[in-house]
Amino acid sequence: SQQGEEDPQALSIQEGENATMNCSYKTSINNLQWYRQNSGRGLVHLILIRSNEREKHSGRLRVTLDTSKKSSSLLITASRAADTASYFCATAPTSGTYKYIFGTGTRLKVLA
Amino acid sequence: EAQVTQNPRYLITVTGKKLTVTCSQNMNHEYMSWYRQDPGLGLRQIYYSMNVEVTDKGDVPEGYKVSRKEKRNFPLILESPSPNQTSLYFCASSYSTPGTGGSYNSPLHFGNGTRLTVT
């Protein structure tokens, strides 16, 4: 079963605005990762945040992690039309399974 | 260039006709995995492999087989495809196995996908 739930399912914003996506999960994790998928293509890794980290930045991306609430958020600042894609969180549980668990994703549309 | 290569990109077949989707990575990764992606269901893991000759079932293994005879290759085999296996398939690899090594897991590298239609 999928433990990651992204929110919102879909988001439409104007170019230049910020986009925020949220991810909730259920079990203890080693790390949480965010991926981007352009229509029908393979997922591309964006950023990884470890369970002992609270915030991480990479270019226009900012990720936060709250392990007490079992949630993470991805912020894309100053969005561009090229950011239009689906975004997925993936969690690596601490034990019991040897797999990443993906959420169902947030579809982001950035209007030029 | 570091990459995961899947073939074919598109495949249309008929029920019951055995097929293989190939996956190869050139990064010497230990961990490889197959996913299927269906609308509204996200990515679901089919099988994974932690190393050569070490494979295990994921969440939706029924109707699929895999093998890992070499570190770089991880083919997905559908012995008798059925229409409910129509889906978008992805192969992925990573340096380390998730759930091991504490928080220092490496990210997954994905292939470009195989869109399979079974009629």
Side-chain angles (χ1 to χ4, degrees), chain A residues 1-7 9-10 23-25 27-54 56 58 61 63 65 67 72 85-107, chain B residues 2-6 9-10 23 25 27 30-51 54-61 87-116:
Chain A
S1 63
Q2 297 289 332
Q3 81 157 341
E5 296 287 338
E6 282 93 343
D7 167 51
Q9 290 188 341
C23 168
S24 60
Y25 58 92
T27 65
S28 296
I29 61 171
N30 278 328
N31 64 67
L32 185 145
Q33 302 175 29
W34 285 91
Y35 290 81
R36 184 184 76 197
Q37 182 183 32
N38 291 95
S39 181
R41 309 296 292 186
L43 280 72
V44 175
H45 178 257
L46 294 176
I47 196 165
L48 180 153
I49 186 165
R50 299 192 174 104
S51 57
N52 60 352
E53 297 175 317
R54 292 296 167 259
K56 202 158 183 182
S58 176
L61 306 180
V63 169
L65 179 64
T67 53
S72 173
S86 292
Y87 293 82
F88 295 85
C89 67
T91 52
T94 53
S95 63
T97 61
Y98 300 112
K99 64 180 181 182
Y100 292 106
I101 300 175
F102 285 84
T104 51
T106 292
R107 293 188 311 279
Chain B
Q3 59 185 0
V4 177
T5 304
Q6 272 180 251
R9 183 83 175 90
Y10 299 93
C23 174
Q25 51 91 5
M27 295 167 280
E30 284 190 352
Y31 183 82
M32 296 186 76
S33 183
W34 277 101
Y35 297 87
R36 61 177 289 175
Q37 185 177 31
D38 302 288
L41 296 177
L43 275 85
R44 294 180 292 169
Q45 189 181 52
I46 302 170
Y47 269 94
Y48 66 91
S49 170
M50 293 191 284
N51 215 322
V54 182
T55 63
D56 207 349
K57 297 176 181 178
D59 295 316
V60 288
S87 187
L88 180 58
Y89 291 86
F90 290 102
C91 179
S93 72
S94 66
Y95 179 75
S96 60
T97 295
T100 65
S103 64
Y104 293 89
N105 286 138
S106 54
L108 285 167
H109 297 254
F110 280 82
N112 277 327
T114 296
R115 190 169 290 280
L116 172 65

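All chains are named by letter (A, B, ...) in the order of the sequence lines, taking the proteins before the strands, and each is independently numbered beginning at 1.
Between B/Phe90 atom CZ and A/Arg41 atom CZ the span is 8.5 Å, to the nearest 0.5 Å. Summarising the geometry, atom CD belonging to B/Gln37 is positioned 10.5 Å from atom OG1 belonging to A/Thr104; distances are rounded to the nearest 0.5 Å. In this structure, the separation between OG on B/Ser33 and OH on A/Tyr100 is 10.5 Å, given to the nearest 0.5 Å. To the nearest 0.5 angstrom, A/His45 atom NE2 is 10.5 Å from B/Phe110 atom CZ.
The shortest non-hydrogen separation linking B/Met50 to A/Tyr98 is SD-CG, 3.8 Å.
For a residue to count as touching a neighbouring chain, one of its non-hydrogen atoms must lie under 4.5 Å from one of that chain's; by this rule B/Leu108 touches chain A with backbone and side chain alike. For A/Gln37, the part sitting under 4.5 Å from any heavy atom of chain B is the side chain, from C-beta outward, and nothing else. Contact of B/Gln6 with chain A is not made at all, since no heavy-atom distance falls under 4.5 Å.
The most heavy-atom pairs under 4.5 Å with chain A, out of B/Pro107, B/Gly113, B/Pro98, come from B/Pro98. Chosen from B/Arg9, B/His109, B/Arg115, the residue pairing most often with chain A at heavy-atom distances under 4.5 Å is B/Arg9.
By the 4.5 Å heavy-atom criterion applied to side chains, A/Phe88 and B/Leu43 are counted as neighbours.
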